[in-house]
Amino acid sequence: MDGLGGGLANVDVTRLSDADKQQLQQFAINEGQKARIQSSIHSLTDTCFRKCIPAGTIKNGKLDKYEEPCMRQCVDRFLDANIVVLRELERLRQ
Amino acid sequence: MADDSKMQIMRQVQQEAAMQNARMLVEKLNEHCFERCVPKPGTSLSSGEEGCFKSCMEKYMSAWNTVSKQYVARIQRESASGGLSL
């Protein structure tokens, strides 16, 4: 992370206009959301690769006709399960 | 001048994010493929292990792309229908 400070050493944020500050704030919010989505994609790929690609040596680089739908279904079912958890917690809270 | 520093900050943040993303992909890919392709590490990487690694890399990246498309499509569907935000 020291690249961030290093590259921006000559930037003085206090000299930015209010409009620029606001725009940067929105930019930061958007980037944060994108980063969270990226992180979920990494974790889902990790989980679903384990489930969908059979253990052992890998001979072919392409996803085959079983693996590809398995990966897609794995994503959707994981999110369904997530919704079930949230609904159940919501119910318990009431 | 002010506009310039704003652009500089944005560019820097985006570069950092892309770097972090690539680093994460490489880390995960290595973890999975090493597990599968090199079950018993020998004195050197055999050609079989190397071939497995190349296929495994390609497969993991395809899997990542598939997950990415599916996940983004799902979020868009959920937010359009006003459902639970994931």
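Protein chains get the first letters and strands the later ones, always in sequence-line order, with residue 1 at the start of each.
Between chain A and the options Lys69(B), Met61(B), Glu58(B), heavy-atom pairs under 4.5 Å are most frequent for Glu58(B). Contact count against chain B (heavy-atom pairs under 4.5 Å) is highest for His42(A) among Lys21(A), Met71(A), His42(A). If you tally non-hydrogen atom pairs under 4.5 Å between each of Ile37(A), Leu44(A), Val75(A), Asp46(A) and chain B, the highest count goes to Asp46(A).
No more than 12 heavy atoms of other residues, nucleotides or ligands shown are found within 6.0 angstrom of CD on Gln33(A). The number of heavy atoms from other shown groups lying within 6.0 Å of CZ (Phe78(A)) does not exceed 12. Around CD of Gln14(B), the count of heavy atoms belonging to other residues, nucleotides or ligands within 6.0 Å exceeds 12.
Using a 4.5 Å cut-off between heavy atoms, Glu67(A) contacts chain B through its side chain alone, with no backbone atom that close. Contact annotation for Ala17(B): only side-chain heavy atoms (C-beta onward) come within less than 4.5 Å of a heavy atom of chain A. Interface residue Glu31(B): only side-chain heavy atoms are found under 4.5 Å from chain A. For Pro69(A), no part lies near chain B; criterion is any non-hydrogen pair under 4.5 Å. Contacts between Lys62(A) and chain B at a heavy-atom distance below 4.5 Å involve backbone atoms as well as side-chain atoms. Leu25(B) touches chain A through backbone and side chain together, each having a heavy atom under 4.5 Å away. If you measure heavy-atom distances from Arg50(A) to chain B, the contacts under 4.5 Å come from both the backbone and the side chain.
Among residues at least two apart or in separate chains, ring-ring contact (aromatic ring centres under 6.0 Å, His included) pairs with a member in residues 7-41 of chain B are Phe49(A)-His32(B), His32(B)-Tyr60(B).
When hydrophobic clusters are built by joining Ile, Leu, Val, Met, Phe, Trp and Tyr residues whose side-chain heavy atoms come closer than 4.5 Å, directly or via intermediates, Met7(B) is grouped together with Phe27(A).
Here the shortest heavy-atom pairing between Gly61(A) and Ser62(B) reads O-OG, 4.0 Å. Across Thr45(A) and Ala63(B), no two heavy atoms sit closer than the pair CG2-C, 4.1 Å.
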Quiz item: What do the steps show when you test Arg74(B) against Asp80(A) for salt bridge (charged side-chain N to carboxylate O under 4.0 Å, His left out), and what is the final call?
Solution: CA-CA 10 Å; Arg74(B) 175 74 181 251; Asp80(A) 288 347; 2.7 Å; yes
Exercise. Please step through side chain to side chain contact (heavy atoms under 4.5 Å, CB included) for the pair Leu79(A) and Glu78(B), ending with a clear verdict.
Key: CA-CA 11 Å; Leu79(A) 298 176; Glu78(B) 298 280 349; 6.0 Å; no
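Asn60(A) contributes atom CG, which lies 5.5 Å from atom NZ of Lys59(B) (distance to the nearest 0.5 angstrom). Rounding to the nearest 0.5 Å gives a distance of 7.0 Å between OG of Ser39(A) and CE of Met24(B). For the atom pair CD (Gln23(A)) and CD1 (Ile9(B)), the distance works out to 11.0 Å, reported to the nearest 0.5 Å. Note that CD1 of Ile41(A) is 13.5 Å distant from NZ of Lys28(B), once rounded to the nearest 0.5 Å. Rounding to the nearest 0.5 Å places OH of Tyr71(B) at 10.0 Å from CD of Gln38(A). Interatomic distance, Ile53(A) CD1 to Cys56(B) SG, rounded to the nearest 0.5 Å: 9.0 Å.
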